[in-house]
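Note that ligands are numbered from 1 as they come in the structure, with each ligand's atoms numbered from 1 the same way. Counting begins at 1 with the first residue of the sequence. Reckoned from all heavy atoms, side chains included, excluding hydrogens, waters and symmetry mates.
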Amino acid sequence: MDVLWMVPLLLIPLLMWTSGAFVFYFKKFFYVAWMMCLALLAIPLCILKSGGRDVENMRLIRSLVRHVKYLLGLRFEVSGWEHLQTEGPYVIISNHQSSLDVLGLMEILPDRCTMIAKKELIYAGTVGLICWLGGIVFINRKKTSDAKSVMADAAETMLKDQIRLWVFPEGTRNQNGDLLPFKKGAFHLAVQAQVPIIPVVFSSYRSFYLRKEKQFKSGTIRLKILPKIETKGLTSDDVSDLCDKSFNVMHSAFLETSSSVPQSNGPVSH
Ligand SMILES: CCCCCCCCCCCCCC(=O)SCCNC(=O)CCNC(=O)[C@H](O)C(C)(C)COP(=O)(O)OP(=O)(O)OC[C@H]1O[C@@H](n2cnc3c(N)ncnc32)[C@H](O)[C@@H]1OP(=O)(O)O
Ligand SMILES: CCCCCCCC/C=C\CCCCCCCC(=O)OC[C@@H](O)COP(=O)(O)O
């Protein structure tokens, strides 16, 4: 008789565990906390290795982050590796659905490649510091003139130091089931440096991850690396066309890869 009242007490955690919302919050919390811990580990290693801010630190960060997908039940299917076999600097552009994109990014990140990010990220504790140590270029999205001048400097640095830059041309996270119109910064950057653009498409996360609906199941993400788009000889007058062309190839690839993503609720085989 005495133990009967304990039944609801045991049922509550069980119900929470099986509820999608609990899993969502648990996985999100775990992701942020684990990335913070990994960054804490990476900070002294990067400082010892490179002595400070250096794009070479991204190699170490990349290798530390690679296992995180397994912990979250995510799987990546990458195609088009051959398009990354390009010598010298280039600009990678990709769609941006969530902070989980960092996992796919680290899956294919080429050597000497860092990112353009919003300046607020530098305040994200240990993650902010590791972003700085990894050479991430921070821009102020609220001040276009500042962002433009930082990106113009970045174009020079790319050439001087043989660096590749990853830009999210949608300019923000977006999970509306389609791509947002592209902002022009990435294309000005590539034209100013006269380097190719390599588009990368992440398939839709909607089959396993829905922020509003608080759903975070196991799932497969198709990562498609597309053929490079040359910018040699282009000027700022060509930026709009370049932007449209890039949008169109990425949009088709997004629809194509997203329609065929396997739905996966159960355990994932790797
Ligand atoms: C262990 C732990 C590991 C952790 C690892 C962490 C990894 C972290 C990964 C980090 C992931 C972080 C992910 C993130 O943080 S994503 C968020 C941050 N990233 C971005 O915002 C990048 C994309 N944004 C842009 O490119 C925007 O264009 C910017 C921000 C530059 C301006 O936007 P804005 O909305 O203000 O303006 P607009 O685009 O309407 O343009 C206005 C006019 O300016 C012209 N214009 C634009 N740019 C240039 C230029 N460069 N030179 C000359 N002109 C330029 C343009 O043509 C237009 O003129 P017109 O054509 O109308 O005449
Ligand atoms: C002092 C503690 C502050 C805690 C802040 C937690 C920060 C998150 C920490 C770890 C998460 C894993 C790596 C995150 C990399 C996030 C990149 C990202 O996705 O940034 C968002 C940005 O693209 C667009 O932002 P908006 O949606 O336009 O705004």
Side-chain angles (χ1 to χ4, degrees), residues 27-46 55 57-69 71-72 91-107 109 113-156 158 165-176 180-193 197 202 205 211 235-244 246:
K27 282 173 112 174
K28 285 292 282 197
F29 174 80
F30 173 78
Y31 176 55
V32 171
W34 190 240
M35 292 296 263
M36 290 284 195
C37 292
L38 290 173
L40 186 64
L41 174 67
I43 290 164
L45 296 176
C46 287
V55 66
N57 287 331
M58 273 299 168
R59 282 176 197 258
L60 198 142
I61 299 168
R62 180 178 68 188
S63 58
L64 276 177
V65 171
R66 284 267 174 99
H67 69 284
V68 179
K69 59 178 184 277
L71 306 177
L72 297 174
V91 173
I92 297 182
I93 53 172
S94 78
N95 55 322
H96 191 17
Q97 300 177 72
S98 154
S99 60
L100 294 172
D101 295 348
V102 170
L103 303 181
L105 179 152
M106 293 299 174
E107 200 69 14
L109 192 75
C113 185
T114 188
M115 298 105 222
I116 302 265
K118 60 176 186 181
K119 73 167 182 28
E120 292 81 356
L121 199 58
I122 206 164
Y123 305 114
T126 53
V127 166
L129 184 51
I130 206 62
C131 286
W132 183 82
L133 286 168
I136 287 186
V137 177
F138 297 99
I139 55 166
N140 184 351
R141 293 181 295 183
K142 292 181 196 94
K143 273 192 153 184
T144 310
S145 56
D146 278 11
K148 280 192 209 174
S149 89
V150 168
M151 288 179 83
D153 290 348
E156 282 180 26
M158 280 180 90
L165 277 174
W166 187 306
V167 188
F168 294 95
E170 290 169 289
T172 187
R173 281 168 290 177
N174 159 47
Q175 240 213 324
N176 72 359
L180 292 178
F182 286 175
K183 301 209 164 253
K184 303 248 179 75
F187 309 97
H188 282 286
L189 176 70
V191 166
Q192 282 163 11
I197 293 172
F202 291 76
Y205 292 179
R211 202 162 35 204
T235 69
S236 60
D237 292 339
D238 302 308
V239 161
S240 288
D241 286 347
L242 184 63
C243 180
D244 291 348
S246 308

Quick one: does ligand 1 sit under 4.0 Å from the side chain of [X], the backbone, both or neither, non-hydrogen atoms only?
X      : result
Leu189 : neither
Met151 : side chain
Ile61  : side chain
Val65  : side chain
His188 : side chain
Glu170 : neither
Gln192 : side chain

Gly171 neighbourhood, listing ligand 1 atoms whose heavy-atom distance to it stays under 4.0 Å: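 In order of number, 17 (C), 20 (C), 21 (O), 23 (C).
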
[atom]: which protein heavy atom is closest, and how many Å away?
atom                    : result
atom 13 (C) of ligand 1 : Phe168 CD1, 3.5 Å
atom 27 (C) of ligand 1 : Lys183 CB, 3.6 Å
atom 9 (C) of ligand 1  : Met115 SD, 3.8 Å

Note, Gln97 side chain near Arg173 side chain (heavy atom, < 4.5 Å):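 Not touching, per the 4.5 Å side-chain cut-off.
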
Side chain to side chain, Asp146 and Ile139, heavy atoms closer than 4.5 Å: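 No - every pair of side-chain heavy atoms lies 4.5 Å or more apart.
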
4.0 Å heavy-atom contact, Val239 with ligand 1: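 Checking ligand 1 against Val239, which is what was asked, there is no heavy-atom contact under 4.0 Å.
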
Close approach of Ala42 to ligand 1, heavy atoms, under 4.0 angstrom: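 It does not; every heavy atom stays at 4.0 Å or beyond.
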
Val127-ligand 1 polar pair, N/O distance under 3.5 Å: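 Between Val127 and ligand 1, no N or O pair is found under 3.5 Å apart.
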
Thr172 N/O under 3.5 Å from ligand 1 N/O: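 No, there is no polar N/O contact under 3.5 Å.
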
Which residue from [options] reaches closest to [atom] through any of its heavy atoms?
atom                    : options                     : result
atom 10 (C) of ligand 1 : Asn140, Leu121, Leu105      : Leu121
atom 32 (C) of ligand 1 : Ile116, Thr144, Val150      : Thr144
atom 7 (C) of ligand 1  : Ile43, Leu41, Val102, Ile93 : Val102

May I ask you to list the atoms of ligand 2 that are less than 4.0 angstrom from any heavy atom of [X]?
X      : value
Val102 : 15 (C)
Arg141 : 26 (P), 28 (O), 29 (O)
Val127 : 9 (C), 10 (C)

Leu72 backbone acceptor or donor facing Lys27 side chain under 3.5 Å: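 Checked: pair present.
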
Expected output: side-chain Arg62 to main-chain Glu107 donor-acceptor under 3.5 Å: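 No, Arg62 side chain to Glu107 backbone: no donor-acceptor pair under 3.5 Å.
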
Reference residue Met115; test side chain to side chain contact (heavy atoms under 4.5 Å, CB included); the match among Val102, Leu109, Ile92: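 Exactly one option meets the side chain to side chain contact (heavy atoms under 4.5 Å, CB included) with Met115, and it is Leu109.
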
Min N/O separation Ser98 to ligand 2 under 3.5 Å: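 Checking ligand 2 against Ser98, no N or O pair falls under 3.5 Å apart.
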
